Amino acid sequence: MTMTMLDSIVGFLLLMLLLILLIILIACKPWRFFSSSSRSRTIKAGELERPLVADDVGISRNQSNELPRDYDLEGARVQNEGHFRSPRTHGLVHKQRLPNVSSHITQGDSLVLDLTSDPPEDVLVGQTLKNPFSPEQLAEFLKHGRQRLVGDKLQEPVHKDILDQRSCLTLEVTSGPSLGVRCSAQSTNTSRLPLTLGRVSPSDLVLKDSEVSGKHAMINWNLNKLKWELADMGSLNGTLLNSQPINHPDSGSRHWGDPIELASGDIITLGTTSTVSVHITSQTEQQIPFGVGVASDPMALRRGGKKLAMEDVYYYHWPLPGADQFGLFGICDGHGGAEAAKSASKILPEMVAAILLDSLTRERVFSHCDASDVLRDAFSQTEARMDHYYEGCTATVLLVWADGEENFFAQCANVGDSDCVMNVDGKQIKMTEDHKVISYSEKLRFKETGKPLKEGETRLCGLNLARMLGDKFLKQQDSRFSSEPYISQAVRINQSSGAFALLASDGLWDVISMKKATQLVLQARERHSREENSAEKIANFLLSEARTLRTKDNTSIIFLDFDFSGVSCKVES
């Protein structure tokens, strides 16, 4: 009896063991390793149970029951949860069940989805997925600025002649620990784009400010809109454009802000203390038929280390809108702040251009070789439009026009002490008049009005200038203040004259005389005559001389070289 029971138990255990082995064999399916077709197979559209759906995006079904042409499923892979995921660059997770094939696919097996091999069946496939770009995608898009965006995919470069769409961007730090730092780039120089602003290298504009993130903001050229665009890169302290926040509302998320278009004159604020001014030169401004160089420095450390606010504003426009043969070059030096200078630098060119829109006015300028009335009216209208009561600025403008016979004419107008000097055929010509209170011309003007200066008097209402734009309050207090400009005679320039013009704020003239400046230009011109951007190098050479001589005021320089053809936009490293 005992042996019989023992045999029964052993037989039962063997039967259970065989059953377990059979279950394991069925579960593992080792024969699939001998099948070459299971590693990569085609799935027909009819095998898909439902369309791709994003977890976080509501997508309606395509009522046409057809797959949109731009829908991209290439590279999809099965994950270990049995989910489909689109490529990581799309930033979406798509769930998809494959009941008919899941038992034959292991983790990592590739799928090739062929939705066109058979006639379409009744399959509902979702519409093209739409989703905001992730920071990684936006960075990729900015990196490939010449590409355009369609749906959520990067397409081929837009076929445009970008050489006809050139633009130059210049950034200058106007306040904060890195005051005076500058950076420039051209829209056509894709190797330097995008420009990055941050606290550490390799940012293109490095701001040594504890409130600025390591990678704070980015600027790139949008080829579709032909505009420069600024985007916050998920900075900790945010980015302001003209006092308006452009960073993502959730500052703690480190999400990027939407790209915002930039315009010349915009002010970018990083954190709370660092501000950056934007200067944009359009293609038309780059096609200047003579050399142009600009240089500027607040000279912030010239006053015993005391920070000195930048109140100079320089600008140039060639050609003026509606007046293709005219260009305007100018410098405004503010006092009491920079706002009056900014306003004047915007309004004055607009007024000159508006006056020259009249064809009869242009004809009078050409026939008489004189633009005195144009400049006088432009100053008058600018003063009328400015509403600055407690701020003012100097204004020096040089109007240049071509006569159609390969000759140029230049005529200057100014109020204040930002001066201009020209050199034509080796002859130095002073194009401006100094309007300091103690200057000979102003003393004579005061005497003619019946209100001469008192003995020892060197200022009016505490100001050492008698002519300026703005300062409406002071002009109400003392009638001797004026906005009437001095206007020079027009100077004719031919190709053989070797002419140049130099405009600068008083930061240069305080330490360098006009005679000395002319000598320095001639020396620098000889040294850089065969180099690219020679006008730019001459302007920077003069600026460095003013720095060496320890000028104590903001210094801005515009240098025009009529003996050089083919100006290009400056790019600083």
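Residue numbers start at 1 and run along the sequence shown. Bear in mind the structure is a predicted one, so any value in this text is a computation, not a measurement.
At least one donor-acceptor pair closer than 3.5 Å links the side chain of E391 to the backbone N or O of E339. Side-chain N or O atoms of W228 include none that pairs as donor or acceptor with a backbone N or O of E261 at under 3.5 Å. Between the side chain of S380 and the backbone N or O of R376, no donor-acceptor pair lies under 3.5 Å. Looking at S178, its side chain does come within 3.5 Å of a backbone N or O of K208 through a donor-acceptor pair. The backbone N or O of L356 lies less than 3.5 Å from a partner atom in the side chain of R362, making a donor-acceptor pair. Formation of a donor-acceptor pair under 3.5 Å by the S513 side chain with backbone atoms of K516 is found in this model. H435 places a side-chain N or O within 3.5 Å of a backbone atom of G416 that can act as its donor or acceptor partner. Judged purely by atom type and a 3.5 angstrom limit, S367 uses its side chain to pair as donor or acceptor with the backbone of E363. Counting only distance, with no hydrogens or angles, the side chain of S187 and the backbone of W221 share no donor-acceptor pair below 3.5 Å.
Rounded to the nearest 0.5 angstrom, K436 NZ and K443 NZ are separated by 13.5 Å. How far OG1 of T382 is from CE of M386: 8.0 Å, rounded to the nearest 0.5 Å. Taking CG of D258 as the reference point, atom CD1 of I246 lies at 9.5 Å (rounded to 0.5 Å). To the nearest 0.5 Å, atoms CD1 (I429) and CE (M422) are separated by 6.5 Å. If you take CZ on F290 and CG on L560, they are separated by 5.5 Å, rounding to the nearest 0.5 Å. Put simply, CD1 on I331 and OG1 on T555 are 10.0 Å apart, with the number rounded to the nearest 0.5 Å.
Using a 4.5 Å heavy-atom cutoff, the side chains of I288 and Y316 are in contact.
Under 3.5 Å, the side chains of H335 and D471 contain a donor-acceptor pair of N or O atoms. For the residue pair D370 / Q411, a side-chain donor-acceptor distance below 3.5 Å is found, with atom types taken as modelled. In this model, a donor atom of one side chain and an acceptor atom of the other lie less than 3.5 Å apart for T174 and T275. Under 3.5 Å, the side chains of S235 and D232 contain a donor-acceptor pair of N or O atoms. In summary, the side chains of D419 and T432 do present a donor paired with an acceptor at a separation below 3.5 Å, with no hydrogens or angles considered. D425 and S497 share no donor-acceptor pair across their side chains, judged by distance under 3.5 Å alone. Counting only N and O atoms by type, the side chains of K451 and S479 include a donor and acceptor under 3.5 Å apart. T518 and Q428 form a side-chain donor-acceptor contact under 3.5 Å, judged by distance and modelled atom types alone. Between the side chains of S418 and T396, no donor N or O sits under 3.5 Å from an acceptor N or O.
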Go through the steps to decide whether F559 and F500 satisfy the test ring pair (Phe, Tyr, Trp, His ring centres under 6.0 Å), and finish with yes or no. CA-CA 7 Å; F559 175 69; F500 65 81; 5.7 Å; yes
Between K342 and E311, is a salt bridge (Lys or Arg N to Asp or Glu O under 4.0 Å) present by the stated rule, with each step listed? CA-CA 9 Å; K342 292 177 182 177; E311 296 176 337; over 6 Å; no
How far apart are the C-alpha atoms of L207 and L270, what are their side-chain angles, what is the distance that settles it, and do they pass the side-chain contact (heavy atoms from CB on, under 4.5 Å) test? CA-CA 9 Å; L207 299 97; L270 310 178; 3.8 Å; yes
Go through the steps for E229 and N222 under the test side-chain hydrogen bond (donor to acceptor under 3.5 Å, both in side chains), then give the verdict. CA-CA 7 Å; E229 291 182 338; N222 186 318; 3.0 Å; yes
L262 and L241: side-chain contact (heavy atoms from CB on, under 4.5 Å), yes or no, with the steps? CA-CA 9 Å; L262 287 174; L241 180 62; 3.7 Å; yes
Step by step, work out the side-chain contact (heavy atoms from CB on, under 4.5 Å) result for F446 and R480. CA-CA 7 Å; F446 298 155; R480 288 177 291 183; 3.8 Å; yes
Please lay out, stage by stage, how N494 and F408 fare under the test side-chain contact (heavy atoms from CB on, under 4.5 Å). CA-CA 6 Å; N494 58 50; F408 293 101; over 6 Å; no
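Ring centroids of F326 and F366 are separated by less than 6.0 Å, placing the two rings close together.
Paired with D312 under the rule side chain to side chain donor-acceptor pair (under 3.5 Å), one option of S296, S505, S345 passes, and it is S505.
Between D209 and R199, no side-chain nitrogen of the basic residue sits less than 4.0 Å from a carboxylate oxygen of the acidic one, so the salt-bridge criterion is not met.
Of all heavy-atom pairs between D204 and P194, the closest is OD2-O, 3.5 Å.
Geometrically, R525 does not engage F541 in a cation-pi contact, judged by NZ or CZ lying under 6.0 Å from the ring centre and within 45° of the ring axis.
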